[in-house]
Amino acid sequence: MRTQPLDPMALGGSDADDRSDSPRRYADEREKALLDAHQRAAGSETGRVRQMLVGSNLRYTALGFVAFVIVWYILTDLLTLPRFNFLPSPVAVFTQWTSTDPQYGISVFTPIYYEHILVSIRRVLLAFGIAVAAGVPLGILLGWNRTFYNLVFPIVELLRPIPPLAWVPFAVLILPGVESSVVFVTLLAAFFATVLNTLLGVWSISDDYFRAAHCLGYRRIDVLMRVIVPGAMPYVFTGLQIAMGVSWFSLVGGEMIAGRSGLGFLIFDAYMQVALPNIVIGMITLGLLGYLSSAGIRRVGAWLMAWQEKGRSA
Amino acid sequence: MMTQRSTKSYGHCVVDAVGKVYGATEDEAEIVLKDCTFDVPAGSLTVLLGPSGCGKSTLVNLIAGYDKPTLGRITLDGAPVSAPGVDRIVVFQETALFPWMTLLDNVAYGPIQTGRPRREAEQEASELLRAVGLAGFQDRYPSQISGGMQRRAEVARALITRPKLMLMDEPFRGLDHMSRGLMQEYYLKLFDEHRTTTLFVTSEIDEAIFLADRLVILSYKPTVVQTVIDVPLPRPRNFQMLTSSTYGQIKDQALGLLYDEALKAFDPGKAAA
Ligand SMILES: Nc1ncnc2c1ncn2[C@@H]1O[C@H](COP(=O)(O)OP(=O)(O)OP(=O)(O)O)[C@@H](O)[C@H]1O
Ligand SMILES: [Mg+2]
């Protein structure tokens, strides 16, 4: 039976410690060594990068890429299958892409390539920004207010399945200039993805948190800012990743039909001019940009939601 | 009651002939609480003890105002309880710390909202966290501390709002034996200091007697109050009292009552008795 209240704070090490000095020094050194090892393994950014580069995960990824290119090479250069002769071989694409004097006018050394990229990035960022700025508040409002939900959500649900490209004619007719219609078409799907996921995020918040907030005297506005917004955050970020993906989808569609620049236009133009390697260059570039933007969002999300992570020391 | 310490003069809660039926249709209707009458004296730690599923959480919800009794009435310092309010606070069976706030924010943010200056609130939050053994953890998120620590942080978060009545619904359930003992001691120290009127729900008989000024023992469904027993053990309490004869007598009495009821829970046929 315990005679004194246990105090875990006191368990660590008391002054009335009669052990000899050396075990104690050993313990201190051990702690220091542990902390050092911990810092080396996880703390430093360089450590993580190195781990990523030499890790076996990356080896398999590289293997996958190599296999992919080999299959592509076999299909296009070696076998010369009947209709596959249209598809440029990896060798042709690579030479074109890295040529200082490209036959079809697009390579990493031509400024026009970067102009297309920049135009597309600008459109996606603008569209994504508008979609998020409008979609997140709308989604939160829908989840927060029943009347507003009944008023607005059925309309959202009816508009949502309409493919963005179906909006192109009216967008071009109504909105001023090419730029705004392309951006409009780009933001539609992203907007709906954001609204829907934000709404689901609000619904996912356990009732216990609302009860607790009520007990603690939170006003309505605090419930909104301190419970609903952070509570919905994990779903919101899932929504943002989807939104970023569909932005690129719709952008290329919009640029093909209505644009006069950008990667979608580059691809379509290459098709019209039968500059086939340029199509592949455009596709690969889109793939890379899409990947990088999604990874960026994941990063921001992980940073904003550090509270979700387990075991991260403060 | 038994204590000469400065006790709170408010928080007296009366549960008067309360009954609760659940179920939307006549067929589904289930009488959970049949007739419950007891009171929680101001400044006391009253423990509600009953078998699992007898309606303890139901009673807590009624007193908190989340739900309304089918019959009977509940008052707090004479005023009828009809809706949730900041004069009562519930520490739930499941942890309801906000996972997106640090412990300090979790504890301090309530009073800040109700108008206390931020510095003062954070100061008090710090002190309370220290009092429950969480000094040095105040900048952690709930997911970064253990279950027992979360429970303690939640007690701190409830105390800082200075409620008239604290409702604790099996706050230490699911903790291992050792942490549970620790929690009880931390909690009792806090209670002795603040003397906030408390209704503490548990299905653990030792925990009940160790904590209680007064024990309210429930039957199984349809639930009535079987007995109310005063626990005349002095405060501050320590674990040696668990071997005293007063303790033994109370435990015998309570066990006898609970055992019969627990049997009914396993064999509903006898529930008519
Ligand atoms: N919202 C509800 N609707 C219908 N029945 C309910 C509802 N809440 C509780 N009950 C019923 O009331 C009974 C008592 O439930 P309650 O949660 O109050 O028990 P408890 O004593 O807290 O149990 P435990 O010790 O397991 O927490 C249960 O048998 C359950 O079927
Ligand atoms: Mg319960």
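Note: hydrogens, waters and symmetry copies are ignored here, and every other heavy atom, side chains too, is used. As the structure is a prediction and not an experimental result, all values here were calculated from the model.
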Exercise for review: Identify which of B:M101, B:R157, B:Q113 forms the greatest number of heavy-atom pairs closer than 4.5 Å to chain A.
Suggested key: B:Q113

Review point. Under the salt bridge (Lys or Arg N to Asp or Glu O under 4.0 Å) test, which residues partner B:E127, sequence neighbours left out?
Key: none

Review point. Highest number of heavy-atom pairs under 4.5 Å with chain A: which of B:D87, B:D105, B:I89, B:T161?
Key: B:I89

Exercise for review: Would you indicate whether the side-chain heavy atoms of A:D222 and B:Y109 approach each other to under 4.5 Å?
Suggested key: yes

Review point. Is it the side chain or the backbone of B:R88 that comes within 4.5 Å of chain A heavy atoms, both, or neither?
Key: backbone

Practice item. Might you confirm whether atom CZ of A:F249 has over 12 heavy atoms from other residues, nucleotides or ligands at distances under 6.0 Å? Key: no

Check your understanding: For chain B, which residues from residues 189-201 of chain A lie under 4.5 Å away (heavy-atom distances)?
Key -> none

Check your understanding: When you look at OH of B:Y22, are more than 12 heavy atoms from neighbouring residues, nucleotides or ligands closer to it than 6.0 Å?
Key -> yes

Check your understanding: Where along residues 224-234 of chain A does a heavy atom come under 4.5 Å of chain B, listed by residue number?
Key -> A:R226, A:V227, A:P230, A:G231

Review point. Nearest 0.5 Å, what's the CH2-CD distance between A:W307 and B:Q144?
Key: 12.0 Å

Practice item. Flag the one option from B:A96, B:P99, B:G110 with the top tally of heavy-atom pairs under 4.5 Å to chain A. Key: B:P99

Check your understanding: Which region of B:L97, side chain (C-beta onward) or backbone (N, CA, C, O), has a non-hydrogen atom less than 4.5 Å from a non-hydrogen atom of chain A, or is it both or neither?
Key -> backbone

Practice item. Anything in residues 206-220 of chain A with a heavy-atom distance to chain B below 4.5 Å? Please list those residues in order. Key: A:D208, A:Y209, A:R211, A:A212, A:A213, A:H214, A:C215, A:L216, A:G217, A:Y218, A:R219

